[in-house]
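Here is the structure we will look at, set down as structure tokens.
Residue numbers start from 1 in every chain, and the chains themselves are labelled A, B, ... in the order their sequence lines are given, proteins ahead of strands.
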There are 2 protein chains.
Amino acid sequence: MPAYHHGNLRATLLEAAERSLREHGAEQLSLRELAREAGVSHAAPRRHFADRQALLDALAETGFARLDTELRAALATAGADFPVRLHAVSAAYLRFATEDAALLDVMYAGKHRADRVAEAAAAPFGLLNDVIKDGQKHGAIAPGDPHRPGVLLLATLQGIAALTNGRLVIPELLDGILEAAVEQFLAGQRTDGQRTSG
Amino acid sequence: MPAYHHGNLRATLLEAAERSLREHGAEQLSLRELAREAGVSHAAPRRHFADRQALLDALAETGFARLDTELRAALATAGADFPVRLHAVSAAYLRFATEDAALLDVMYAGKHRADRVAEAAAAPFGLLNDVIKDGQKHGAIAPGDPHRPGVLLLATLQGIAALTNGRLVIPELLDGILEAAVEQFLAGQRTDGQRTSG
DNA sequence: GCAACAATGTATGCGGTGACAACAATGCTG
DNA sequence: CAGCATTGTTGTCACCGCATACATTGTTGC
């Protein structure tokens with residue numbers, strides 16, 4: 001006997017949406033299709049998401065939360081050596097970014113109307129900043145405002161992910177490029193990565 | 001008297017599509033809307049583009065061609081000093097990537113079904129490779145396979161563009177981050193950016 | 001208990017879109 | 001100028017997002 005109320009529609013929709021995103025990308029994501037999978041009428045999702053973008057916003061928000069937990073998990077299993085920790089978060093970021101490429105696109109789309117998304121994004125970005133500060137404390141990164149090196153690290157990782165997802169980088173070479181990126185970052189930030197004359 | 005044949009539909013559509021892409025993004029791009037703007041029936045574009053993706057493929061192809069010419073133009077006006085040249089191409093890439101963000105997304109989407117796109121992409125990527133090799137010749141970059149540093153450079157630039165377009169980097173800080181990225185790249189590749197033990 | 005209300009799902013419709021097929025006008029070529 | 005390929009038109013279909021009116025269910029105050 002089908003209950004009139006689904007009881008857990010919002011969570012069900014988000015879960016199905018994340019799977020659809022992974023399998024078919026954001027463009028193919030259809031509210032009506034999700035409703036069909038959940039066994040409700042095609043207008044039911046509207047009770048939980050005002051429109052399509054609201055669903056994407058929610059996906060971005062949970063995506064940032066999951067990214068944050070995965071980065072923290074990677075750091076937790078890494079030791080105390082800074083380069084190892086840096087490599088660990090970087091690898092974790094790349095894994096997330098390549099396994100959930102479409103989700104990452106949604107997260108970075110910049111079309112969000114919800115402040116919640118920006119707040120959720122603050123968690124993983126803050127974590128990266130903390131890693132940078134940790135590196136400064138250990139002397140592996142030159143002291144100064146951690147923001148710029150943080151952005152640079154994130155940009156490099158995001159770029160590698162973009163090239164990989166765009167099939168411009170062969171997945172087999174990903175690990176090697178990651179190591180090169182980490183080494184370059186350390187080499188570049190070690191001495192005088194900060195501009196003092198600008 | 002409206003001629004039955006438009007005469008230049010394909011080029012007109014591509015031009016209008018590129019403008020629509022810049023103004024409203026790829027998701028909003030509508031074949032029917034383009035047909036309306038061109039003053040033809042809604043099915044006319046089909047004669048030139050089998051489907052929507054075919055149009056996007058064509059846009060990606062011309063996009064890579066334009067990127068190539070802009071990078072070459074930037075190099076042409078730069079002098080002979082390697083760091084200056086590196087900075088010039090990088091700035092040109094970022095300008096393209098931030099002014100035509102949606103087009104870049106299409107170019108890197110990795111959904112292309114046309115080999116023509118990959119061939120068009122080879123031009124600017126080959127140019128970057130040449131820049132790297134030039135740096136090796138001048139001793140600014142450690143000798144070895146130029147592919148890895150090339151990918152790293154492209155990734156960093158692409159990542160900075162992604163963060164900027166995603167409104168995670170304030171445009172005012174773009175120039176500073178670009179300089180930091182170039183400096184880091186030079187610092188990282190100068191000595192031992194290549195792994196010799198992997 | 002139960003009435004009033006809020007929350008949640010349903011039924012139906014509108015306008016828009018991409019894709020497709022049959023047909024019409026035009027240009028090209030032997 | 002006859003035949004054919006090219007290019008544009010009209011009509012149709014399935015699908016989608018969004019909107020509104022309505023039905024059902026859970027909750028809360030009396």
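- Relative orientation of the Phe125(B) and Phe64(B) rings is perpendicular, given thresholds of 30° and 60° on the angle between their planes.
- In this structure, CG of Leu9(A) is placed 14 Å from C1' of dT25(D), rounded to the nearest angstrom.
- Spacing between atom CZ of Phe49(A) and atom P of dC18(D) amounts to 13 Å, rounded to whole angstrom units.
- Across all strands, Gly39(A) comes closer than 4.0 Å to no nucleic acid atom at all (heavy-atom distances).
- For dG8(D), the base has no donor-acceptor partner in the side chain of His48(B) [N/O atoms by modelled type, under 3.5 angstrom].
- In terms of position on DNA chain C, the residue among Arg52(B) and Arg47(B) whose nearest nucleotide sits closer to the 5' end is Arg52(B).
- Phosphate proximity of dT17(C) to Ser30(B): present, with a side-chain N or O under 4.0 Å from OP1 or OP2.
- Residue-level contact check: Leu29(B) touches the backbone only, with heavy atoms under 4.0 Å from sugar-phosphate atoms and none from bases.
- Atom CD1 of residue Ile160(A) and atom CG of residue Leu173(A) lie 11.5 Å apart, to the nearest 0.5 angstrom.
- Minimum atom distance to the side chain of Leu31(B) is reached by dA19(C), of the listed dA19(C), dT10(C), dG9(C).
- Spacing between atom CD of Gln53(B) and atom C1' of dT17(C) amounts to 16 Å, rounded to whole angstrom units.
- Comparing dC18(D), dT9(D), dA21(D) by their nearest atom to the side chain of His42(A) picks out dC18(D).
- Residue-level contact check: Arg36(B) touches the backbone only, with heavy atoms under 4.0 Å from sugar-phosphate atoms and none from bases.
- For the pair Glu27(A) CD and dC15(D) C1', the interatomic distance rounds to 16 Å; values are reported in whole Å.
- Atoms CD (Glu33(A)) and P (dC18(D)) sit 16 Å apart, rounded to a whole Å.
- Comparing Arg32(B) and Asn8(B) by the nucleotide of DNA chain D whose heavy atom lies nearest to each, the residue mapping closer to the 5' end is Asn8(B).
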*asked:* Quick one, Arg36(B) with Glu33(B), criterion salt bridge (charged side-chain N to carboxylate O under 4.0 Å, His left out). Give me CA distance, side-chain angles, the key distance, then yes/no.
replied: CA-CA 5 Å; Arg36(B) 249 171 264 136; Glu33(B) 174 65 23; 2.6 Å; yes
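- To the nearest angstrom, P of dT17(C) lies 10 Å from CG of Leu34(B).
- Rounded to an integer number of Å, the gap from Asp51(A) CG to dA19(D) P is 8 Å.
- With 3.5 Å as the limit, one finds a donor-acceptor pair spanning the side chains of Tyr93(B) and Gln158(B).
- Electrostatic pairing of Asp100(B) and Arg66(B) counts as a salt bridge here, judged by a charged N lying under 4.0 Å from a carboxylate O.
- Distances shorter than 4.0 Å separate some side-chain N or O of Arg46(A) from OP1 or OP2 on dA19(D).
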